[in-house]
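A short worksheet on the structure shown next.
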There are 2 protein chains.
Amino acid sequence: MGLEERRKRERDNRRNAILKAARKLFFERGFKPVTVDSIAKKAELSKGSIYLYFNSKEEIYTQILLGDIDKFHEHFSDLLTDSPSASEALLRFAGIYVDLFLSDRELFRILMTFMLHTSDMNLPEELNSHIIKATNRNISIVEDIFRYGIERGEFPAAVNLRLNRNAIWGLLNGIISLHLFTGGESKRAEVIQSTLRLGLDIYIRGLKTCDRPR
Amino acid sequence: MGLEERRKRERDNRRNAILKAARKLFFERGFKPVTVDSIAKKAELSKGSIYLYFNSKEEIYTQILLGDIDKFHEHFSDLLTDSPSASEALLRFAGIYVDLFLSDRELFRILMTFMLHTSDMNLPEELNSHIIKATNRNISIVEDIFRYGIERGEFPAAVNLRLNRNAIWGLLNGIISLHLFTGGESKRAEVIQSTLRLGLDIYIRGLKTCDRPR
DNA sequence: TGAACAGCGGTCATTATATGACTGCTGGTC
DNA sequence: GACCAGCAGTCATATAATGACCGCTGTTCA
């Protein structure tokens, strides 16, 4: 404890207050409708002060995203060691993935939107690559599952890790997007889950019967 | 919650941090040996900032005192209604008074010192009168006890409230001072308590036999 | 179709707050 | 009584916060 520490602490606190306020607003209303003034008001600061801590509205948004992506990753840390097979791991992964997004409603929309608009919101390169890296870390969980499957002879050795990883990732997000967009609220969770289960079952069955690279 | 509120909150917090730090130091070392720099360091502020919140070292000291005096008063709120007689109330008052000071060692010394040196430490008039008033509120508890005694016929109607109040207050502080100054630590509490009990018993007996104003 | 305007992100001159080197006083030492 | 150490309190400088303002963009309406 000392003078310098106190000042750092207070800077951090203020920064966090901004993130917390912004998070709430972004999750309530999305990106565009949230004004910097409204963030400032909720954080009990002036707009000018916001810009002492962040360079742009996009950067705030992105920082929030980064935190969420990291938190996201934690949910899957024990997945491989806990699952009896790669197929099972994949199904579990999908289950958790969907639950996560259904419990934190806006998160999915936000992450997807970011994927779709990264290049628009010209962020500092540093930050941009950080996000990409964090996202890749999550995507690569799927790759790990496939690798695990190959190692234990569950999937053919010829399976292309990257391609299949991307396919599954796309499958997941595509199905979720579709059902968030269409279908009613009431049975959404079950519908998505069962759709995914079906899709994955088939995909896995297909994979197992591969004999040449794909 | 809003911007103005937040700023007030933060100002209050900082002010309290100073008081808290100063209190600890004053109670550890007394008044003189505590430098403003040491308060600043403990409060994780610069010396200059201290003077943004207080006008002098004395004022800090005094503010702490004010808080303590107020807290002090709370201990006696139910005294009269809980006691079967004025004599008993007086004895209880003395008992609590002594216990309080023995449990919070430096407080007594500090309060006494203040009484002795108020005029030296030229405080803002406002503050000074506030302290006097707070102190009087405590002293007047004794007066209340006497008044109660007269009302229920326990003491003669002719008893002079103010004079006797001051006498008792002096008796209390004098005896405590004496024993803090001389006598050993070990049996101090009992010695003080029994001395006071004796003194008060005699005083009360004397009072009851009065028949002309005194 | 283009003039007027509203609403926003971002800027910056002004204001508020914090800092610590400095000053002058005081009490102690030799 | 000359020196000095140590302190309360000051103030020029540095840091942080503020909100009026600017320019751009998308919308309304004659």
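All chains are named by letter (A, B, ...) in the order of the sequence lines, taking the proteins before the strands, and each is independently numbered beginning at 1. Since the structure is predicted, the reported quantities are computational estimates derived from the model, not experimental observations.
Taking atom CZ on A:F54 and atom P on C:dG9, their separation rounds to 15 Å, with Å as the unit. B:K8 has its NZ atom 13 Å from the P atom of C:dT17, to the nearest Å. One interatomic measurement links the two molecules: CD1 of B:I18 to C1' of C:dT19, which rounds to 13 Å at whole-angstrom precision. Taking atom CD of B:E10 as the reference point, atom C1' of D:dT18 lies 14 Å away to the nearest angstrom.
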B/S/- contact track for nucleotides 6-17 of chain D, protein heavy atom under 4.0 Å: -SBBB----SSB

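Residues A:K24 and A:E28 are paired through a salt bridge, judged by an N-O separation under 4.0 Å between the basic side chain and the carboxylate. Residues A:E10 and A:R14 are not paired through a salt bridge, judged by the lack of any N-O separation under 4.0 Å between the basic side chain and the carboxylate.
Taking the six-membered ring for Trp, A:F101 and A:F72 have ring centres closer than 6.0 Å.
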Salt bridge (Lys or Arg N to Asp or Glu O under 4.0 Å) evaluation trace for B:R23 with B:D68: CA-CA 10 Å; B:R23 191 173 205 284; B:D68 287 342; 2.4 Å; yes

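The aromatic rings of A:Y97 and A:W169 stand perpendicular to each other, their planes meeting at an angle above 60°, with 30° marking the opposite boundary.
Here the CG atom belonging to A:L91 is positioned 9.5 Å from the OG atom belonging to A:S83, to the nearest 0.5 angstrom.
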